[in-house]
Protein chains: 2
Amino acid sequence: MSGTNRRRITSKELAKLAGVSSATISRAFSPDSRIGSATRDRILAVAREYGYQPNAIARSLNNQRSRLVALVVNAIGNPCEAEEQQLLVHRLQARQLLPILLCCADHSDRLQLMRLASTYQVDHVVIFSDMVSMQDAVDIFHTTRPIIVSFEPLENEDVSNVRIDGSVGAGEIIDKIVGDGKRRFAYLAGTKSSWIDKLRRKWFADALARHGLAFEAEAFGDYSYDSGFKEAVLLLHRSKVDAIICGNDVMAIGARDAARRVLGKNTPEDIAIVGQDGIAMAGWDCNDLTTLSLDHAAFMDAVVEVIERHEAGDEGPHSITLTCTPRWGSTA
Amino acid sequence: MSGTNRRRITSKELAKLAGVSSATISRAFSPDSRIGSATRDRILAVAREYGYQPNAIARSLNNQRSRLVALVVNAIGNPCEAEEQQLLVHRLQARQLLPILLCCADHSDRLQLMRLASTYQVDHVVIFSDMVSMQDAVDIFHTTRPIIVSFEPLENEDVSNVRIDGSVGAGEIIDKIVGDGKRRFAYLAGTKSSWIDKLRRKWFADALARHGLAFEAEAFGDYSYDSGFKEAVLLLHRSKVDAIICGNDVMAIGARDAARRVLGKNTPEDIAIVGQDGIAMAGWDCNDLTTLSLDHAAFMDAVVEVIERHEAGDEGPHSITLTCTPRWGSTA
DNA sequence: TTCGTTTGTGTAATCGTTTGCACAACAATA
DNA sequence: TATTGTTGTGCAAACGATTACACAAACGAA
């Protein structure tokens, strides 16, 4: 009930109250273990009365399984990651797995943070952040069943991963824009160091190459609206591009606003602007962005699929590849 | 190094390797404990060599302190919560506290979820969600140092909390809009059942009352853009309001788009639209929303302040109140 | 009746730390 | 030299569960 007692009751104490041994208490809470159903019912009743719940920390120590999952992300504030995390957290919760969030943005010491999480004996690790090297992650979590990485830089490691391939979708988008008469492309990257971003850029660069074109200008932001706005202004002042491919949707919205407000250019007539991610906001009436979109639900299904295989004892490595598709808006 | 050994080395094993007892290993990792500095250095060196880190699960069991913090939120996808969570997670990480995320949206069984988290002996709980009753939270986490609730329905409980008061700011916004000649107000609520939303509505209703006005129409959404859009359309079709106060910024953006696109009404001339939260997106050039804004950083500072007092052993209850201020845009 | 099997329960070891207590070595003091 | 203090270390008992093993009771079959 609304007990205000500070201390939690232990299985040994409950055992005394129910007139059994603590082993029997434990069995009452394990779905398939040899125990009389009368005993179980009685124990569960007494447990409810005294608010007893088995201590997960103690259980984890004994089991060698914590049912904790470390989620290594860049920034929750980024809508794309937020949408994905939301979906993943729900899927984990449905499986009685609890997510521990590690946020790598800003100047936190990422390695130390991962080391800290690893001391909690997490059962799984999902790396979304491209700010940590895969090798560091593998080293630090060497004891955890091999980690899952969300993107894949090369086919180098024997690490389970979920890979995103947008090359085909990027091709379709470039075809359309070139078909509309645009020839002078710029790439507005998420970050300078991100390998994810380098891969994504390559999808579009390859598609351009098939038309005998290449990026005329480059700029680097930080995945934020403000950086998209600011870099687009600079870009459009120093070169005469008529199409900008952006590292994500939020930057694309920033770039669109910059083009419209500062340069007086409209999409798609004066300039084509393309985002990446396919976040919900891109589809809002006020944005209506053309974007290379990923099915986030399918993405997270894939992540969970790998986790479940690991749970089942099949350590893989497993690899699942997903593709991105264009979502057409009025900006390109 | 890049060891691929599955099992983690224990303090007892390391003790053998270093020629000491496991107690000494433990002391080497405790900042202020009686241990010779030569011994400590040697142990730390050997530990690094074999990749030893103390097992936090075992430590938690012994210490009765897990350094885990449960964050009970509605939805990470909601930008306002995402921004706040981001700030909070950083502050926690800086204190070597790890956040466990409980996401209450959708149809997950919130109570069971909280019970699950409570078995992990979390040191603190922060309730952001208004989908769980405070009483449930207090009951389930009765063993944890009293929980922190982000808003406060009434002065009813002896629970530490951080309270948001927007009454003054809401008054300023209403004054401005009434001064601009608007008289017919609607409230587009976040949800029907949320007590947070009821409080927020009251701030504006009280301000209207001072002008001898009241809300002429009401509608209920779910804090999403789509619900803001849809409900605004219905609202504007069935009543002749010239000002809409929305439950959050995202719905306000949806309402603004609906007014513009479906009804052909512009802000602020034809209709005033006001948001709440003060998320970054509200300030984007394409939105430029007038909103009752909260300083999220100060908010999270306050949450951490309470956590730190609890950590220091002062269980309070503590209460901190923050106020909201208008952020003027072009929609009102 | 007697033996083998099934069922339900208790005993005790284990998971990997931390920490109170005891004690040896050594330094400082009288 | 004998007497205190101070340091550094080990021993062993927690912390709160789970589970292999042992065993008694109940049951069916011969």
Side-chain angles (χ1 to χ4, degrees), chain A residues 6-44 46-47 50-68 116 118-123 143-144, chain B residues 5-44 46-47 50-68 115-116 118-123 143-144:
Chain A
R6 273 288 153 275
R7 228 173 55 73
R8 200 175 282 270
I9 189 175
T10 72
S11 73
K12 203 163 292 182
E13 295 169 314
L14 190 72
K16 194 138 293 176
L17 290 167
V20 295
S21 77
S22 71
T24 304
I25 300 292
S26 171
R27 287 191 266 257
F29 282 88
S30 302
D32 28 40
S33 55
R34 298 204 320 203
I35 184 177
S37 57
T39 320
R40 163 172 283 150
D41 292 347
R42 184 161 50 86
I43 290 178
L44 291 183
V46 183
Y50 289 91
Y52 170 81
Q53 294 259 124
N55 181 327
I57 296 289
R59 168 187 292 161
S60 301
L61 180 58
N62 184 286
N63 280 350
Q64 310 277 58
R65 312 213 45 241
S66 64
R67 301 202 71 74
L68 295 173
L116 176 60
S118 85
T119 66
Y120 281 81
Q121 320 295 110
V122 292
D123 286 348
T143 178
T144 307
Chain B
N5 21 359
R6 273 285 154 276
R7 228 174 56 72
R8 200 175 281 271
I9 189 175
T10 73
S11 71
K12 204 163 292 184
E13 295 169 314
L14 191 72
K16 193 139 294 176
L17 290 167
V20 295
S21 77
S22 70
T24 304
I25 300 291
S26 171
R27 286 191 265 257
F29 282 89
S30 302
D32 28 41
S33 55
R34 295 203 326 202
I35 186 179
S37 57
T39 319
R40 162 170 283 149
D41 292 347
R42 183 161 47 87
I43 289 179
L44 292 182
V46 183
Y50 290 91
Y52 170 82
Q53 295 258 123
N55 180 326
I57 296 289
R59 169 188 290 163
S60 301
L61 180 59
N62 184 286
N63 280 350
Q64 311 277 58
R65 310 212 48 240
S66 64
R67 301 202 71 74
L68 294 174
R115 272 191 280 265
L116 176 61
S118 86
T119 66
Y120 281 81
Q121 320 297 109
V122 292
D123 286 348
T143 178
T144 307

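Scope of the values below: all heavy atoms of this structure, side chains included, with no hydrogens, waters or symmetry mates. Residue numbering restarts at 1 for every chain, and letters A, B, ... go by the order of the sequence lines.
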Exercise for review: Answer yes or no: is there a side-chain heavy-atom contact under 4.5 Å between A:Arg67 and A:Arg59?
Suggested key: no
Study note, to complete from the structure: Note: chain A reaches DNA chain C at heavy-atom distances under 4.0 Å over the stretch, first to last nt, 5' to 3', of C:dT7 to C:dG16
Check your understanding: Looking only at heavy atoms, what is the nearest atom pair of B:Leu44 and B:Ala28, with distance?
Key -> CD2-O, 4.2 Å
Exercise for review: Scan residues 15-40 of chain A for pairs that pass ring-ring contact (aromatic ring centres under 6.0 Å, His included), counting only residues two or more places apart or in two chains.
Suggested key: A:Phe29-A:Tyr52
Check your understanding: Can you name the residues that form a side-chain hydrogen bond (donor to acceptor under 3.5 Å, both in side chains) with B:Ser21, not counting sequence neighbours?
Key -> B:Thr24
Practice item. State, to 0.1 Å, how close A:Ile57 and B:Ser60 come at their nearest heavy-atom pair, and which atoms those are. Key: CG2-CB, 4.0 Å
**Study point:** Set of residues satisfying side-chain hydrogen bond (donor to acceptor under 3.5 Å, both in side chains) with respect to B:Ser22, sequence neighbours excluded
**Key:** none
Point to revise | Nearest heavy-atom neighbours spanning A:Thr119 and B:Pro54 | key: CB-O, 3.5 Å
Review point. Quick one: what's the B/S/- string for nucleotides 7-16 of chain D, heavy-atom cutoff under 4.0 Å, read 5' to 3'?
Key: BBBBB--BBB
Point to revise | Atom pair NZ/CG of A:Lys16 and A:Leu14 - distance to nearest 0.5 Å | key: 12.0 Å
Study note, to complete from the structure: Rounded to the nearest 0.5 Å, the CZ atom of A:Arg40 sits from the CZ atom of A:Arg27 at a distance of 10.5 Å
Review point. Heavy atoms, side chains only, cut-off 4.5 Å: are B:Val20 and B:Arg42 in contact?
Key: yes
**Study point:** Angle by which the axis turns from one end of the helix from C:dT1-D:dA30 to C:dA30-D:dT1 to the other, five pairs per end, to 10 degrees
**Key:** 40°
